[in-house]
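Everything on this sheet refers to the single structure shown next.
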Amino acid sequence: MDDKKVRVRYAPSPTGFLHIGNAQSALFNYLFARHFNGTMVLRIEDTDTKRNVKDGEASQRENLHWLGIDWDEGPNKPNPKYAPYRQSERNKQGIYHKYIQELLDKGLAYKDYSTEEELAEMRERQRANNEAPHYDGRWYGKSEEEQKAAEAKGLKPTIRFHFPKNHDYEWDDIARGHVSFNSDNLGGDFIIEKSDGMPTYNFAVVVDDHSMDITHVLRGADHISNTPKQIAIYEALGWEHPTFCHIPLIFNPKTRKKLSKRDKDTLQFISEYKKHGYLHEAIFNFIAFLGWSPVGEREIYSKDELIKVYDPNRMSKAPAYFDQKKLDWMNAQYIKSMSVDELTDRTMELVKEGETEEAQRLQSIPEDQLKDLIKKTIHVHQRDVNKLLEVIEYVWDYYNVLNAHFNYDLIKDNEDFANSDVLAVLTGLKEKLENGADDYNQAIKEVGKATGIKGRGLYFPLNLAFTGSTSAPQIYEIMDIYSRDTDIELLKRMIDALQA
RNA sequence: GACCCGUUAGUCAAGUGGUUAAGACACCAGCCUUUCACGCUGGUAUCGUGGGUUCAAAUCCCGCACGGGUCACCA
């Protein structure tokens with residue numbers, strides 16, 4: 001790509017947990033780094049002290065790890081040349097302040113003593129006049145006396161970057177092509193240091209990306225309009241900016257807007273997918289196809305294959321709508337291709353973690369029995385289940401089958417089935433079981449032959465007897481999940497109910 | 001309101017001037033199966049719209065419409 005060694009970064013702010021959008025951004029940076037044999041950096045952008053959440057960073061790391069995304073440098077893997085990796089720590093070291101001072105000295109930045117109320121009022125007035133909200137530069141070029149006077153009132157200044165007039169900021173975006181903004185349309189001089197002494201995002205990223213030798217910045221398209229501001233800083237400091245790549249946003253198909261943490265109808269967080277029993281391989285694969293696609297028709301790719309075929313020039317521009325059904329399909333594909341033993345282990349793990357009610361209630365089952373039950377259940381349901389949580393639900397149903405209440409009226413009131421036929425099937429099978437038949441499949445077939453009942457007439461009653469539902473997978477395999485006594489008991493119950 | 005950006009089927013999408021406009025999800029139909037599911041086969045688009053340019057346009061240009069992103073002492 002470049003003669004320089006590729007260095008990319010994923011830089012979350014720990015104000016929330018890893019959601020789909022974060023994951024997408026992390027994933028493309030990861031693919032980029034691995035494809036070009038570069039370095040992946042994890043940087044924590046925690047300059048918003050008010051909004052940081054306690055476990056935000058830990059959650060980000062944990063879920064990234066689960067997804068199969070790792071990094072070469074970060075808070076836990078510091079490279080002395082670039083550490084530290086948290087902006088709060090970098091700020092303490094004066095990294096940002098040094099450059100703020102430089103801009104101040106060059107007259108490219110200035111102090112602003114406006115209060116938040118004044119600024120809010122200004123914006124409100126502009127809105128009322130149908131103007132674009134912007135900072136009007138009221139503190140630009142003020143004298144030292146005026147600053148001192150404000151200081152005497154106890155006001156703490158912010159520091160703003162001063163835009164040159166009518167200056168174009170442009171760049172060639174890997175995903176978007178050539179993009180250009182004029183300095184007059186950027187909302188006026190913007191804050192680079194808050195009154196609490198913390199740098200703002202648009203300033204800190206520039207300093208960090210530069211001082212960490214980041215060569216390529218891959219981030220969400222919502223950052224496009226931040227980019228000219230950042231380029232302005234690069235120029236002011238005499239630095240070269242990295243290559244940008246703005247990844248298409250992920251949209252909620254319901255709201256037709258950027259996926260928001262507040263959208264309740266879509267699972268937002270990677271941790272939710274994990275606890276519902278989505279496989280990390282499937283999530284990785286799926287997210288990689290949100291905003292990008294390889295040449296050809298294939299859609300199922302392992303992580304290593306994706307690293308190999310990843311081509312940043314194939315990033316799309318249009319936003320991607322999040323399609324839950326397609327994810328479910330993809331997850332099902334992965335489930336079908338995985339061994340029963342592997343799936344059993346993963347399901348056991350889900351139960352142990354107990355992140356859902358369904359998983360928790362299985363914890364009361366002795367481990368050996370549980371494992372056996374899970375294995376048998378997967379054997380039956382591997383072909384029709386989308387996620388492991390469904391397996392967990394089935395396991396519970398099968399475990400509790402004798403306590404469950406089945407609605408036999410489903411067949412009693414159904415005109416398609418003669419009561420006498422149903423009874424013939426049930427009693428026929430019951431007798432076979434009592435006489436020691438072990439091949440359940442064979443036994444069912446024999447009952448069919450003996451009674452002359454076939455198809456739905458044969459299986460519908462059995463499905464109902466053993467699962468309480470009229471459609472079920474291979475019924476002889478489900479019979480095998482239960483003990484023979486349970487099987488007989490279930491048949492007997494239904495017979496009694498129909499005769500009553 | 002201003003500035004940027006996007007627009008191929010319900011969804012993800014391939015496609016870079018000449019294709020029968022790939023493929024996948026979902027949906028529908030059929031086949032397989034003594035049920036269900038899996039699987040298999042088939043079906044569904046005048047490429048937002050109006051104008052250009054060209055022998056030829058989904059592909060290039062312009063207008064319009066629609067959609068989105070951003071305009072914070074959030075990142």
Side-chain angles (χ1 to χ4, degrees), chain A residues 11-16 45-48 50-52 87 112 114-116 119-120 123 126-127 129-135 156-160 173 176-177 179-182 184-188 190-198 200-202 204-205 219-229 246 248-249 251 253 256-258 286 289-300 314 316-330 332 336 380-385 444-445 448-449 453-463 467 469-475:
Chain A
S13 67
T15 55
E45 310 215 320
D46 55 351
T47 53
D48 187 351
K50 285 177 218 128
R51 297 207 315 166
N52 288 341
Q87 288 184 333
D112 173 14
S114 310
T115 64
E116 294 193 47
L119 294 174
R123 275 192 297 269
Q126 291 163 341
R127 275 240 145 80
N129 292 337
N130 242 344
E131 283 175 59
H134 64 280
Y135 179 70
K156 286 249 184 293
T158 59
I159 296 172
R160 286 184 185 265
D173 196 289
R176 304 260 160 173
V179 187
S180 161
F181 286 82
N182 188 280
D184 294 349
N185 295 324
L186 294 173
F190 65 99
I191 294 175
I192 54 179
E193 186 181 288
K194 302 181 230 178
S195 56
D196 66 359
M198 280 286 195
T200 58
Y201 164 77
N202 277 316
V205 254
R219 56 171 34 157
D222 47 348
H223 283 290
I224 288 175
S225 35
N226 284 324
T227 306
K229 296 180 186 175
H246 287 95
L249 294 177
F251 275 21
R256 312 212 112 234
K257 289 198 167 78
K258 183 170 86 155
F286 184 75
F289 274 70
L290 248 27
W292 176 83
S293 67
V295 182
E297 297 177 1
R298 192 146 74 98
E299 295 195 285
I300 304 291
R314 295 183 62 81
S316 64
K317 296 183 184 184
Y321 286 84
F322 187 85
D323 184 352
Q324 181 84 40
K325 283 205 170 136
K326 181 120 190 202
L327 207 209
D328 284 353
W329 169 81
M330 191 169 274
K336 285 190 186 83
V380 177
H381 286 286
Q382 184 172 21
R383 59 180 204 167
D384 60 54
V385 110
I444 292 170
K445 285 187 171 158
K449 224 174 240 162
I453 299 164
K454 54 185 179 175
R456 282 182 5 116
L458 180 60
Y459 285 92
F460 200 101
L462 296 178
N463 289 341
T467 70
S469 162
T470 54
S471 75
Q474 303 297 59
I475 204 67

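Fair warning: this is a prediction, and the values are worked out from it, not measured in the lab. Below, chains carry the letters A, B, ... as their sequence lines are ordered, and counting in each starts from 1.
B:G15 and B:A58: their C1' atoms are spaced 8 Å apart (whole Å). Spacing between B:C32 and B:G69 at atom C1', rounded to whole Å, works out to 50 Å. Atom name C1', nucleotides B:A9 and B:C25: the rounded distance is 12 Å, in whole Å. Atom name P, nucleotides B:U16 and B:U41: the rounded distance is 27 Å, in whole Å. B:G42 and B:A22 have their P atoms separated by 13 Å, with the value rounded to a whole Å. The gap from the P atom of B:U59 to that of B:G51 amounts to 14 Å, rounded to the nearest Å. Look at the P atom in both B:G48 and B:A57: the space between them is 15 Å, to the nearest Å. Annotation: B:C64 and B:C3 have their P atoms spaced 13 Å apart (nearest Å).
Counting non-hydrogen atoms under 4.0 angstrom, A:N226 reaches a base of the nucleic acid. Residue-level contact check: A:S469 touches neither bases nor backbone, having no heavy atom under 4.0 Å from any strand. Residue contacts for A:R219: at a heavy-atom cut-off of 4.0 Å it reaches no nucleic acid atom on any strand shown. Within 4.0 Å (heavy atoms only), A:D222 reaches sugar-phosphate atoms of the nucleic acid but no base atom. In this structure, A:S114 reaches the bases: a heavy-atom distance under 4.0 Å links it to at least one base atom across the strands shown. Among the heavy atoms of the strands lying under 4.0 Å from A:R51 is at least one base atom, whether or not backbone atoms are also near. Backbone-only engagement by A:K336 is indicated by non-hydrogen atom pairs under 4.0 Å involving sugar-phosphate atoms exclusively. Note on A:R123: only backbone sugar-phosphate atoms sit closer than 4.0 angstrom, heavy atoms only; bases stay farther off. Looking at heavy-atom distances under 4.0 Å, A:E116 makes contact with a base. Contacts of A:T15 with the nucleic acid, taken as non-hydrogen atoms under 4.0 Å apart, are absent. A:D48 comes within 4.0 angstrom of sugar-phosphate atoms only, judged by non-hydrogen atoms across all strands, and of no base. Contacts of A:F251 with the nucleic acid, taken as non-hydrogen atoms under 4.0 Å apart, involve only primed sugar atoms and P, OP1 or OP2. Looking at heavy-atom distances under 4.0 Å, A:F460 makes no contact with the nucleic acid at all. A:A472 comes within contact range of at least one nucleobase, with a heavy-atom separation under 4.0 Å.
Salt-bridge annotation for A:E131 and A:R123: absent, with no side-chain N of the basic residue lying under 4.0 Å from a carboxylate O of the acidic one. Ion pairing between a basic and an acidic side chain is recognised when a charged N comes within 4.0 Å of a carboxylate O; A:R176 and A:D173 show no such pairing.
Here OG of A:S13 is found 7.5 Å from CG of A:D48. Values are rounded to the nearest 0.5 Å.
A:Y135 carries A:R160 over the face of its six-membered ring, with the cationic atom under 6.0 Å from the centre and within 45° of the normal.
Ring pair A:H134/A:F190: centre-to-centre distance not below 6.0 Å.
Here the range on RNA chain B touched by chain A, meaning any atom under 4.0 Å from one of its heavy atoms, is B:G1 to B:A75.
When both pairing distances are held under 3.5 Å, B:U41 makes a Watson-Crick or G-U pair with B:A29. Nucleotide B:C4 is matched to B:G68 when pairs are restricted to Watson-Crick or G-U wobble geometry with both distances under 3.5 angstrom.
For NZ of A:K336, the number of neighbouring non-hydrogen atoms (other residues, nucleotides, ligands) closer than 6.0 Å is greater than 12.
A:S114 and A:D112 share a side-chain donor-acceptor pair at under 3.5 Å.
In this structure, the side chains of A:F289 and A:P294 come closer than 4.5 Å at one or more pairs of heavy atoms.
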